[in-house]
Amino acid sequence: MAVRRISNRARTILLCGSAFVAAQAQAQVPAEASDEAADIVVTGSRPIAESEAAALLVQKNSDSLVAVAAADSVGRLPDQNIAQATSRLPGVAVERDQGQARYISLRGAPNYWTTLSFDGINVVSPEGRDARFDSIPSAIAGKIIVSKAVTPDMPGETVSGNVNVVTRSAFDYDGFHFTGKAGLGHAILGDRPEEEASVVVSDRFNAGSGEIGVLLSASYFKRAMITDNFETDYERVNQDKRPGWETRFWPAEAENKLYRLTRKNWSLSGRLDWKPDSDNTISVRSIYTIFTDDEARDNYRFDLDDRQSDLSNASAACSTAINPTPTTTGYADVCIGNTPLKGTIYGIDIRQRSTLRAFRQSIFTNTLEGTHQFGDGWTLNWLGNYTESKDDRSVVGEASWDSPSTRTLRPTVAYDFSDPNRSVLNLFSTVQLSTPTRYQAGYPVTAIDGFTKPLSSLSMLNAIDTTKAYTGKLVIGRETSLLGGEAIIKLGFQFDQRTKVADENSLVLNTTAQFAAIGMPTDYNLFSLNRSFLGKIPMAYTFRYFDTEKMRQVTDAARGLYAFSPNLGNNYDVRERVYAGFAMATLKYDWGSIIGGVRLEHLKNRGKAVVTNGSVNTPITKSAEQTMAFPSLHVNYNLDDTKKLRLSFNSGAARADYDQLRPNYVISDSDQTISAGNPDVKPERAYGVDAYFEWYVRPQGYLMVGAFYKRVEDVLYRQRSKFNSTEFNTPGFDRSTYDLSRITNGGDGRIYGAEAAAQLQLEPWTQQLGLPDFMGGFGISANVTVNNSRVTKPAINGVPARKVRLPGTSDLIYNVGAYYEKYGISLRLNYQRRSKWLDSVADDLTDAGDTYWAADDEMDFSARFAVTPNVEVYFDASNLLNKPGRRYAEPGNLLTATGIPTPHTDIYTMEWERFGRRFAGGVRVNF
């Protein structure tokens, strides 16, 4: 088998039997390091090893702290989207939705500290600042560069790091290039299919002046799925004053959300590069990605606290023996033997929702960029970008079916939540005894749709959030001598304008005449399918799926007969302008390099909205502006040719999301709440230091260990408090006592931790260790991150100030991957674990305290076989452990803060989902 050495020229192309690796190292690898080729040895037909080698080459020669995934490393595991592909790298954790990786957290920091960019241009996600990575297929990436230490040429909104998706270029390849992939898959839960296809075509052409490269790519992924789910909301009940009430939290509502989903990803991209000569390059790039989520959700909600007011507020101790004929519904009543985790409630309300959604998110980004070298060491880089992101949150239709007020027509529910991984809801008929206020459980009921649940409403929603972003950037560079070293000095200027417009309109039908006009049945059994449950979760009742075609028929009829009305309280127009300039210098010495500089940003926000108070709609416009400076310094010291020490200081600011900056108030008199934006909220500032040691083992391998610390100021969090103003009072409505919810700044805090990583393979050492040749195919990659975060949450609602974690942070994250590849065979098994993390911070004990996501475990397997040098077959197995996702309430921290010492507990499960194992296989070709 031939041995090849990777050179560190601008292009690194490895045609490795069945697969290819394209790692373009321009702008990352200095041309003068030509002896670097001796550092990395790879062998043919080794796609995993070769892609890792190409990634390490980029990483080693970077002047700042980065982690890199090369193109075929992305395709080596079942990584359909950028979030999942990036999660293999050191210090990276993901948050999942419906089992798919969606958000990225770097080194345990909150996910909104991570920014997304395409070819170095920050892109606003359709959802806003919380960059959503599951809508971006990995097929468009030539490589993924995760920058953990911010440099002055990066926007100040980059706090914990940036995920830069570097697209492929025709100049990554010697000439004509074609690669394609096609596969089919199967999801075990619900017996659902998957489909996948992608293609990349490129070529280079001689022009009258120089050379032109053209690349086109497209990808498609379709995944149908079923989800097992149960959810429970806990609350402190005001009337419960019996002994021990301080630590009791009762289930207010229990529900099953039973999903039938079809998710699709499309992407189209094109790139044209013109190199008239070796000193000039002009590039035109377009990327269009679409993510759709067609969701049919059967939601059975059991309103357990429907008759909470029946409960006595007596405080005396009482017998806790089971009483099967109570005078109350039994909710929160310890005197009939009920507990928060087990009991019986008589005659409860079923609030059923049949929901058909058609979510669609898209990103369309276009860039024109030029890079020029001229004169005596001068460089000029300029670019213009236009990006349009859309978040279509529309609901095709939602039918609401509610139990009548007559309690004997409602179910009695025996609940058992004592197992955090089970929600047991046994249904019975409700019998009224001779004493009018006493009820008891009747005969067992299995078919929930046998209970009377007349149609109460049919609603439709048209909601599209559109973000239009314009970026202009100019960077002038000069090579010179400075402070005894070779220097590159850069001055840069950047303008960004982002405008997000939320446009939401709704239609609600709630009369018998309206239902008849559109042909909507009021009996659920005439609106549903006689189909068995497709999931696996144990449920004590059976149900009927609603008919999605009938939903489309009646909502189409409704849209033709009735007009939508704007939801003024949810509509807004927020514009953000950032005027930025930076100065930085890169100094090169025999022993390493130094990067230092500062970035200045002047931020101007303008928000428009409408405040609705009764029948009065008042337009409101508010503006705010601020100037911030972001200094940074990076030192890279070469201990020898293979070992590096990296030290850095950096700073950044996380700004509130666009909807949180809107200047309006949304008033709900029925819930006695007011939700609001806060255009005056300050950015969350962070200052960090890093110290890392890297060892690029010869002839191939990588070891790393490092530590990091960030100080955080003006932490952003959502606060709930009393409105305490008469501004919105009207006759008959005193809104000064309503609960106000809005984003605000909290106290200060910090996050610190350490990480380590290793990538090793036996191939270079088999002879030295006396091992047989076949053992050279074994390799391992592993990484671990530990961290600790604490921020001060200010006192509110009678709760003293207390220390909490940063939301989204896990104490421990690690990945372990073992692989074997030789003789055309490539096998890899990867395991990743993330410990529990804080989801939300409570202001009081109304809803049982802070919420957490339990630890997440994932295991994937992939296999490849090279049929010919240009054709391979593959097999991927995902979510092999099939562990559930579980969110729970944890009142202990808040109780302790209020003077009631309470140990940590995770028994209050609020959300539980399982998604099933998935398998896929297909063929890949390249020429």
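Positions are given from 1, in the same order as the sequence printed here.
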Phe546 and Phe527 aromatic ring geometry - parallel, tilted or perpendicular at 30°/60° bounds: parallel
Flag for Thr446-Thr542: side-chain donor and acceptor within less than 3.5 Å: no
Working for side-chain contact (heavy atoms from CB on, under 4.5 Å), residues Asn256 and Phe543: CA-CA 11 Å; Asn256 290 106; Phe543 73 100; over 6 Å; no
Least distance between heavy atoms, Asn323 atom then Thr325 atom: OD1-N, 3.0 Å
Contact check, side chains of Thr673 and Ser741, non-hydrogen atoms, under 4.5 Å: no
Any donor-acceptor pair under 3.5 Å from Asn567 side chain to Gly569 backbone: no
4.5 Å side-chain heavy-atom contact, Val413 and Leu427: yes
Inter-residue atom distance Ile345.CD1 - Leu304.CG, 0.5 Å rounding: 4.0 Å
Proximity of Tyr541 and Phe302 rings by center, below 6.0 Å: yes
Euclidean distance, Asp298 CG relative to Ile448 CD1, rounded to 0.5 Å: 11.0 Å
Note, Phe451 side chain near Ser403 side chain (heavy atom, < 4.5 Å): no
Salt-bridge present (Asp306, Arg410; N to O < 4.0 Å): yes
Closest contact, heavy atoms only, Ser354 versus Tyr524: OG-CE1, 3.6 Å
Distance under 6.0 Å and angle within 45° of ring axis: Arg735 vs Phe733: yes
Expected output: side-chain Ser456 to main-chain Ser400 donor-acceptor under 3.5 Å: yes
Smallest separation among heavy atoms of Arg242 and Arg248, with atom names: O-NH2, 3.1 Å
Heavy-atom donor-acceptor pair, Ser457 side chain to Asn510 backbone, under 3.5 Å: no
Aromatic contact, Phe728 with Tyr738 (centres under 6.0 Å): no
Short side-chain donor-acceptor distance under 3.5 Å, Arg407 and Thr430: no
Non-hydrogen atoms of Pro521 and Leu455 that approach each other most closely: O-CD2, 3.7 Å
Tyr562 side chain near Ile518 side chain, heavy-atom distance below 4.5 Å: yes
Matching residue for Lys257 among Glu231, Glu911, Glu295 - test: salt bridge (Lys or Arg N to Asp or Glu O under 4.0 Å): Glu231
Between SG on residue Cys335 and CG on residue Asp240, distance to nearest 0.5 Å: 8.5 Å
Thr909 side-chain N/O to Pro420 backbone N/O, donor-acceptor pair under 3.5 Å: yes
Asp402 side chain reached by Arg353 side chain, heavy atoms, under 4.5 Å: yes
Interatomic distance, Leu261 atom CG to Ile226 atom CD1 [nearest 0.5 angstrom]: 7.5 Å
Between CG on residue Asp857 and CG on residue Leu880, distance to nearest 0.5 Å: 12.5 Å
Donor on one side chain, acceptor on other, Tyr300 and Asp449, under 3.5 Å: yes
Phe359 backbone acceptor or donor facing Asp293 side chain under 3.5 Å: no
Step-by-step side-chain contact (heavy atoms from CB on, under 4.5 Å) determination, Glu246 to Thr898: CA-CA 11 Å; Glu246 297 92 343; Thr898 57; over 6 Å; no
Given Val237, Val334, Asp305, the one that forms side-chain contact (heavy atoms from CB on, under 4.5 Å) with Leu311: Val237
Heavy-atom neighbours of Lys536 NZ exceed 12 at 6.0 Å: no
His904 versus Asn893, side-chain donor and acceptor atoms under 3.5 Å: no
Heavy-atom donor-acceptor pair, Thr896 side chain to Thr902 backbone, under 3.5 Å: yes
Atom of Ala463, atom of Ser394 and distance for their closest heavy-atom approach: N-OG, 3.2 Å
With sequence neighbours excluded, residues passing ring pair (Phe, Tyr, Trp, His ring centres under 6.0 Å) with Phe230: Trp912
Validation row: Phe249, Pro340 side chains within 4.5 angstrom (heavy atoms): no
Salt-bridge present (Asp850, Arg802; N to O < 4.0 Å): yes
Distance, nearest 0.5 Å, that separates CH2 of Trp853 from CG of Asp839: 7.0 Å
Flag for Ser528-Arg544: side-chain donor and acceptor within less than 3.5 Å: yes
Enclosure of Leu529 CG (heavy-atom neighbours >12, cutoff 6.0 Å): yes
Exam field: side chain Lys550 to backbone Leu526, donor-acceptor pair closer than 3.5 Å: yes
Expected output: side-chain Asp349 to main-chain Asp303 donor-acceptor under 3.5 Å: no
Lys722 with Asp739: basic N within carboxylate O range, under 4.0 Å: yes
Note, Ser459 side chain near Leu461 side chain (heavy atom, < 4.5 Å): no
From CA spacing to verdict: side-chain contact (heavy atoms from CB on, under 4.5 Å), Asp856, Lys883: CA-CA 8 Å; Asp856 178 47; Lys883 294 289 187 69; 5.8 Å; no
Arg559 and Asn462 side chains, donor-acceptor separation under 3.5 Å: yes
Stepwise side-chain contact (heavy atoms from CB on, under 4.5 Å) test for Thr327 and Arg438: CA-CA 5 Å; Thr327 58; Arg438 288 186 179 272; 3.6 Å; yes
Nearest heavy-atom neighbours spanning Thr522 and Trp401: O-CZ3, 3.6 Å
Pairing of Arg393 and Glu504 as salt bridge, 4.0 angstrom limit: yes
Under 3.5 Å: donor-acceptor pair, side chain of Asp906, backbone of Glu890: no
Sub-4.5 Å side-chain heavy-atom contact between Tyr259 and Glu913: yes
Main-chain N/O of Arg301 paired to Arg351 side chain as donor or acceptor, under 3.5 Å: no
Pair Thr262-Asp294, side-chain donor/acceptor within less than 3.5 Å: no
